[in-house]
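Below, read A as the first sequence line, B as the second, and so on, with proteins coming before strands; counting in each chain starts at 1.
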2 protein chains.
Amino acid sequence: MTRARHTDVRETIGEDHPTCRLRDILDRVGDKWSVLVMNLLGSGPKRYSELQRAIEGISQRMLTLTLRSLERDGLVERTVTPTSPPRVDYALTPVGQTLSAQVSGLITWAEQHREHVAASRLRYDAS
Amino acid sequence: MTRARHTDVRETIGEDHPTCRLRDILDRVGDKWSVLVMNLLGSGPKRYSELQRAIEGISQRMLTLTLRSLERDGLVERTVTPTSPPRVDYALTPVGQTLSAQVSGLITWAEQHREHVAASRLRYDAS
DNA sequence: CGGTATCCTGCAGGATACTG
DNA sequence: CAGTATCCTGCAGGATACCG
């Protein structure tokens with residue numbers, strides 16, 4: 001065993017080894033819209049236009065890019081119903097749901113602590 | 001009540017109201033280094049140079065910026081020991097620890113699913 | 001050791017226009 | 001309706017040099 005047994009995150013944390021596992025996932029969570037999209041899909045499948053309206057501020061370009069990227073990672077499933085006009089639905093995959101659960105925890109945290117954070121910022125900025 | 005009772009995240013999700021709560025926090029988690037730093041501090045206080053070495057790839061500028069920002073948000077506490085050479089320690093605040101716990105969940109998820117994600121990407125890219 | 005201060009660049013992501 | 005194709009810009013963040 002050459003070190004790094006079990007889930008030894010702390011020491012391989014930011015290295016850009018070919019196998020750097022963290023960056024990949026963190027970038028996914030880190031980008032501007034993925035978390036928002038996943039959270040929305042957490043309450044059930046949505047059409048493209050529903051997402052677009054719900055998120056409000058996202059460009060068509062970024063919504064598509066985000067969805068494609070989530071699909072590529074196997075987190076979201078895209079279903080096309082070739083009617084006219086076409087209808088496209090997006091839903092979390094089972095794996096996507098497990099990530100969505102984590103994300104949900106994050107959002108809950110944000111809700112619960114935003115007052116504290118805001119206050120802390122004011123204090124900090126006053127000095 | 002004009003709508004939006006309790007923690008009604010789903011509908012106010014991306015709006016840039018003056019009070020948009022989510023973006024603030026997500027940006028914090030979303031930036032390139034915060035999550036990494038917080039996770040490191042999750043295993044106990046660290047000196048500046050320890051963090052720098054542990055993260056490997058982070059620039060001095062970004063480490064300082066990240067730490068200042070976490071401090072501003074009341075998530076990390078900075079302790080200066082004015083010896084010579086100076087010694088500066090960083091530790092999670094109690095609130096910081098609660099966020100660190102969420103982050104930790106995210107990282108665990110990443111560890112557990114990176115194979116699946118990698119495989120999914122290969123499949124997707126092959127078409 | 002633990003930072004600032006500058007300068008510089010890539011690219012995330014917005015705006016806009018067109019399409020099956 | 002659900003996208004693609006382009007063009008364009010701000011700023012996150014790297015590199016480098018200097019300091020108490």
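Between Arg72(A) and Asp125(B) a salt bridge is recorded (basic side-chain N to carboxylate O distance below 4.0 Å). Note on Asp27(B) versus Arg23(B): salt bridge recorded, some NZ/NE/NH1/NH2 to OD/OE distance being below 4.0 Å.
Proximity of Tyr90(A) to the phosphate of dG3(D): a side-chain N or O atom is located under 4.0 Å from OP1 or OP2. Proximity of Arg87(A) to the phosphate of dG3(D): no side-chain N or O atom is located under 4.0 Å from OP1 or OP2. At dT4(C), one or more side-chain N or O atoms of Arg68(B) fall inside 4.0 Å of OP1 or OP2 (strictly under the cut-off). The phosphate of dA2(D) (OP1 or OP2) has a side-chain N or O of Ser49(A) nearer than 4.0 angstrom.
Between the CZ atom of Arg23(B) and the P atom of dG13(C) there is a distance of 9 Å, rounded to whole Å. Arg28(A) places its CZ atom 12 Å from the P atom of dA12(C), with the value rounded to the nearest Å. With rounding to whole Å, Gln52(A) atom CD is found 14 Å from dG14(C) atom C1'. Separating the CG atom of Leu63(A) from the C1' atom of dA12(C) is a distance of 16 Å, rounded to the nearest angstrom. The separation between Asp89(A) atom CG and dG3(D) atom P is 10 Å, rounded to whole Å. Straight-line distance from the CD atom of Glu71(A) to the P atom of dG3(D): 9 Å, rounded to whole Å. The separation between Asp31(B) atom CG and dC11(D) atom P is 16 Å, rounded to whole Å. Computed from coordinates, the Arg61(B) CZ to dA5(C) P distance equals 12 Å when rounded to whole Å.
When side chains are defined from C-beta on, Tyr124(A) does not count as touching Asp73(B), because their heavy atoms never get closer than 4.5 Å.
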TODO: Could you walk me through whether Tyr90(B) and Thr79(B) pass the side-chain hydrogen bond (donor to acceptor under 3.5 Å, both in side chains) test, one step at a time?
DONE: CA-CA 6 Å; Tyr90(B) 291 92; Thr79(B) 312; over 6 Å; no
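To the nearest 0.5 angstrom, Lys32(B) atom NZ is 8.5 Å from Met62(B) atom CE.
Closest to the side chain of Pro85(B), out of dC1(C), dG2(C), dG14(D), is dC1(C). Of the candidate nucleotides dG14(D), dT4(D), dA2(D), dG14(D) has the atom lying nearest to any side-chain atom of Met62(B). You'll find that the side chain of Arg47(B) is closest to dG2(C), out of dA2(D), dG2(C), dG14(D).
Here the closest non-hydrogen pair linking Pro85(B) and Thr83(B) is O-OG1, 2.9 Å.
Side-chain contact check for Ser43(B) and Lys46(B): at least one donor-acceptor pair (N or O, by modelled atom type) lies under 3.5 Å.
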N/O-N/O pairs, protein side and nucleotides 18-20 of chain D side, under 3.5 Å:
none

